[in-house]
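Step one of this worksheet: look at the structure below.
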Amino acid sequence: MSVVAIPTRRHPGIRPARPRTGPTLTITLDLVPGPLSPRLARLVQLLGELAESGEGQLRTVEDVVPAPQPAASPAASAPSADAHVRILAGSRMVRQGDRVVPLTRIEYELLLFLAERPRRVFTRLQLLSSVWGYEHAVARTVDVHVRRLRAKLDGSEVVTTVYGVGYRLADEARISVDHSR
C-alpha cells in the first residue's frame, strides 16, 4: 500500500505572512501480491516521477504510520551495513534486509542496471545513455545519483568507483534481482 502526499506549490516572490501547511492530496493504493497491471504500473511510475521532481512525496504506509514495536537498542534497530539487498523488479521495490529502501526512479534504474551487469565498468556517459536515456546532461549528474544511492543503502558497499573510468557493481555486493516479484 502506498501513500502520496502532494503539497500545493508556492508561487515565486509571494511569501506567506506566516508558515502554514497547504492542502494535501493523499492517494492510497491497495496492492495485491504479484505483478502490477500495466495501467497501475504506469500510475505508480508517474507518481514516482512527480515526487522525484520535488512536487510531492512518495511514501509507503509503513513510513507514515509506524507499527508499534517493542523498544530496542539503537544498535539493534540500525540496518546492518552488510544486509542483503533485493531488487523486486516486478513491483519496482528495493529491500535491504527487512526494510524497504525508498529510491527515486533514476536511483532504482541505476541500481537495477548495475545489478544486472556485474563485473562490468561503465563510464558516466554510458550510464547517462543507458539509464537516463540521453547523453546531453552533465556527466557529474551520475555522481550525484550514485552518492544518494549509497546514502540510502546505509553504507552497504554496492556501487564501486573505478577511478578515472566510472562505476560498477561491487564484487562484495550482496544483491539479487527478482524479476518475478
Distance-only donor-acceptor hits, side chain of residues 113-122, under 3.5 Å, sequence neighbours excluded:
{"unit_1": "Glu116", "atom_1": "OE2", "unit_2": "His179", "atom_2": "NE2", "d": "3.3"}
{"unit_1": "Arg117", "atom_1": "NH1", "unit_2": "Phe113", "atom_2": "O", "d": "3.1"}

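- The CZ atom of Arg95 sits 11.5 Å away from atom NE2 of His84, with the distance rounded to the nearest 0.5 Å.
- Neither Val144 nor Leu149 shares a network with the other; the hydrophobic side chains, linked directly or stepwise wherever heavy atoms of I, L, V, M, F, W or Y lie under 4.5 Å apart, form separate groups for each.
- In terms of heavy atoms, Leu88 sits closest to Tyr108 at O-OH, 3.9 Å.
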> Does the pair Lys152 and Thr104 meet the rule for a side chain to side chain contact (heavy atoms under 4.5 Å, CB included), with working shown?
Replying inline: CA-CA 10 Å; Lys152 288 181 180 181; Thr104 64; 4.0 Å; yes
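- The existence of a salt bridge linking Arg148 and Glu107 is excluded, since no basic side-chain nitrogen approaches an acidic carboxylate oxygen closer than 4.0 Å.
- Remark: Arg92 engages Glu109 in a salt bridge, criterion side-chain N to carboxylate O under 4.0 Å.
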>> Evaluate His145 against Trp132 for side chain to side chain contact (heavy atoms under 4.5 Å, CB included), listing each step before the verdict.
In response: CA-CA 11 Å; His145 284 83; Trp132 278 257; 3.5 Å; yes
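- Remark: Arg124 engages Asp143 in a salt bridge, criterion side-chain N to carboxylate O under 4.0 Å.
- A side-chain donor-acceptor contact under 3.5 Å links Arg150 to the backbone of Val159.
- Once rounded to the nearest 0.5 Å, the distance linking CG of Leu112 with CG of Leu103 reads 11.0 Å.
- Under the 4.5 Å side-chain contact rule for hydrophobic residues, Val177 and Leu169 share a cluster.
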